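The structure under discussion is supplied below as structure tokens; questions concerning it will follow.
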Amino acid sequence: MSMLKRRVITANNNQVGVYEPSTAAIAANIKPELTLAEQLMLLTMTEQRGSSLWNDRLSYALRACFLIDLCLKERITVRQTRNMKMADRQVLVTDASPVGDTLIDETLEHIQSVIKPRPVADWMDILSGDVWLWTLLKHQIKNARQRVTATLASKGILRTKVTSLWVASHISYPWRDVCFREDFYHKVSDFLLMEISVDQEEAWLRMAVVVSLAYLVNALPLVLIHLPSKKREKALQRAALLLTQLSQSTDHVSPKRQLIANALTCLMHDF
């Protein structure tokens, strides 16, 4: 039997899935595995209401998360052409099998469906709908912020709150598992202060990417507010250093690091 029950609410003429975890799922207290987009979203949630920081940076950064997750899961890579600028190297699909996350799999389908391979910067714009060619609009990932938040509710970290407002219903996602938020925030701060060790290279890379993106969307001050001022300043300096380190790309780094660098550089230029 599924641990999730689902309701569908119409919002802005779109069908929005609203998921609530069952009592058994909550009682099991299983720590869910989160995508990069879900981790970044959590770092932007306010403590009181669970609402995220509302800015264009977050929406754009979520699309970068989808691309980077596909790269880390070895579904896509960048073309290795030495006579081509790093930023112009196209994204190629290496494995078309789904990863099991709706938004990430949707991104993979879009990349696979285009005839002409495109670089990371182009895909950032296409997935965000920031394109002039109407033929590319069908590849936009719509309602990414709302869909990522709804997925966090399905995993028991947030809860779904529906408020009736005259002729429409407003859906919000307050925190359900505050302990998870506190644990995750402390893990991020400990990572930045180098008070914990990450043995596996991929685990280190994922955390480094998350904190770099959080730094770019100005979410870290909220996450680090529990630290004394000197430690908070040190953590922010470490995040800036990680961002600089990850955004540098050469032929001597792995294709994974090249794609990550292209995505971060694209965000840095646009922000």
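Given the structure is predicted, the values throughout are model-derived calculations rather than measurements.
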(request) May I ask you to check if Arg118 and Trp123 form a cation-pi contact, with NZ or CZ under 6.0 angstrom from the six-membered ring centre and within 45° of the axis? (result) no
(request) Say whether Leu133 and Ile141 are linked into one hydrophobic cluster, either directly or through other cluster members, by side-chain heavy-atom distances under 4.5 angstrom. (result) yes
(request) Quick one: closest heavy-atom pair of Asp69 and Ala37, and the distance? (result) OD2-N, 4.5 Å
(message) A side-chain contact here means heavy atoms from C-beta on lying under 4.5 Å apart; do Trp175 and Met45 qualify?
(response) yes
(request) State, to 0.1 Å, how close Val217 and Ala61 come at their nearest heavy-atom pair, and which atoms those are. (result) CG1-CB, 3.8 Å
(request) Provide the closest heavy-atom pair for His139 versus Ser113 in the form atom of the first, atom of the second, distance. (result) CE1-OG, 3.1 Å
(message) Atom CG of residue position Leu137 - does it have more than 12 heavy atoms of other residues, nucleotides or ligands inside 6.0 Å?
(response) yes
(message) Any heavy-atom pair between the side chains of Thr160 and Val162 that's under 4.5 Å?
(response) yes
(request) Is it possible for you to say whether Met124 and Met268 belong to one hydrophobic cluster, with membership spreading through side-chain heavy-atom contacts below 4.5 Å? (result) yes
(request) Any chance you could measure Leu205, atom CG, to Leu72, atom CG, to the nearest 0.5 Å? (result) 5.5 Å
(message) side-chain contact (heavy atoms from CB on, under 4.5 Å), that's the test. Do Ile111 and Val91 meet it? Break it down for me.
(response) CA-CA 8 Å; Ile111 297 174; Val91 176; 4.1 Å; yes
(message) Quick check: is Ile68 connected to Trp204 through a chain of hydrophobic side chains (ILVMFWY, heavy atoms under 4.5 Å apart)?
(response) yes
(message) Can you tell me how far apart NZ (Lys73) and CG (Leu36) are? Round to the nearest 0.5 Å.
(response) 8.5 Å
(request) Kindly give the heavy-atom pair with the smallest separation between Phe191 and Arg238, and that separation in Å. (result) O-NE, 4.5 Å
(request) Answer yes or no on whether Arg63 is positioned over the face of Tyr60, meaning its NZ or CZ is under 6.0 Å from the six-membered ring centre and within 45° of the axis. (result) no
(message) Quick check: do Val148 and Gln146 have side-chain heavy atoms less than 4.5 Å from each other?
(response) no
(request) Please confirm whether the backbone N or O of Glu38 pairs with a side-chain atom of Thr35, one donor and one acceptor, at under 3.5 Å? (result) yes
(request) Taking the side chain as every heavy atom from C-beta outward, state whether Phe184 and Val223 have any atom pair closer than 4.5 Å. (result) no
(request) Consider only side-chain heavy atoms of I, L, V, M, F, W and Y, link residues closer than 4.5 Å, and tell whether Leu227 and Ile225 are in one cluster. (result) no
(request) Tell me, yes or no, whether the heavy-atom count around Tyr215 atom OH, taken from other residues, nucleotides or ligands under 6.0 Å, exceeds 12. (result) no
(message) Can you confirm whether Gln237 sits close enough to Leu192 that some side-chain heavy atom of one is under 4.5 Å from a side-chain heavy atom of the other?
(response) no
(message) Between Arg89 and Ala87 (side chain of the first, backbone of the second, donor and acceptor by atom type, cut-off under 3.5 Å), is there such a pair?
(response) no
(request) Indicate yes or no: at least one non-hydrogen side-chain atom of Asp122 is less than 4.5 angstrom from one of Val131. (result) no
(message) Is it true that, when you exclude Lys256 itself, more than 12 heavy atoms of the residues, nucleotides or ligands shown sit nearer than 6.0 Å to its NZ?
(response) yes
(message) Restricting to non-hydrogen atoms, name the atom on Leu108 and the atom on Ser97 that form the minimum distance, rounded to 0.1 Å.
(response) CD2-O, 3.7 Å
(request) Show the numbers, then the answer: is there a side-chain contact (heavy atoms from CB on, under 4.5 Å) between Leu40 and Leu58? (result) CA-CA 8 Å; Leu40 178 61; Leu58 178 57; 4.0 Å; yes
(request) Compare all side-chain heavy atoms of Val78 with those of Met86 and state whether any distance is below 4.5 angstrom. (result) no
(message) Once rounded to the nearest 0.5 Å, what's the spacing between atom CG of Leu127 and atom CG of Leu62?
(response) 11.0 Å
(message) I'd like to check Met207 versus Lys187 (side-chain heavy atoms, cut-off strictly below 4.5 Å). Are they in contact?
(response) yes
(message) I'd like to know if the side chain of Thr81 reaches the main chain of Asn83, judged simply by a donor and an acceptor atom lying under 3.5 Å from each other, with no hydrogens or angles considered.
(response) no
(message) Can a donor-acceptor pair be found, under 3.5 Å and without considering hydrogens, that links the side chain of Gln258 to the backbone of Val253?
(response) yes
(message) Working to the nearest 0.5 angstrom, can you tell me the gap between Leu152 CG and Leu158 CG?
(response) 5.0 Å
(message) As a quick check of understanding, evaluate side-chain contact (heavy atoms from CB on, under 4.5 Å) for His226 and His186, giving each step before the final call.
(response) CA-CA 9 Å; His226 66 281; His186 279 86; 3.6 Å; yes
(message) Main chain of Asn262, side chain of Thr265: is a donor-acceptor contact present, judged purely on distance under 3.5 Å?
(response) no
(message) Using only atom types and a distance under 3.5 Å, with no angle test, would you say the side chain of Thr94 pairs donor to acceptor with the backbone of Glu74?
(response) yes
(request) For side-chain contact (heavy atoms from CB on, under 4.5 Å), just list the numbers for Ile157 and Leu34, CA-CA rounded to whole Å, side-chain angles, deciding distance to a tenth of an Å, and then say yes or no. (result) CA-CA 10 Å; Ile157 299 171; Leu34 302 180; 3.7 Å; yes
(message) Assess whether a salt bridge exists between Lys155 and Glu33, defined as any Lys/Arg side-chain N lying under 4.0 Å from an Asp/Glu carboxylate O.
(response) no
(message) Less than 4.0 angstrom from a charged side-chain N to a carboxylate O is my criterion; do Arg147 and Glu106 meet it?
(response) yes
(request) May I ask whether Val120 and Leu92 are part of the same hydrophobic cluster, defined by side-chain heavy atoms of I, L, V, M, F, W, Y residues being less than 4.5 angstrom apart, directly or through others? (result) no
(request) Rounded to the nearest 0.5 Å, what's the gap from OH on Tyr185 to CG on Leu224? Could you check? (result) 10.0 Å
(request) Identify the two heavy atoms, one from Leu259 and one from Leu67, that lie closest to each other, and give their separation to 0.1 Å. (result) CD2-O, 4.0 Å
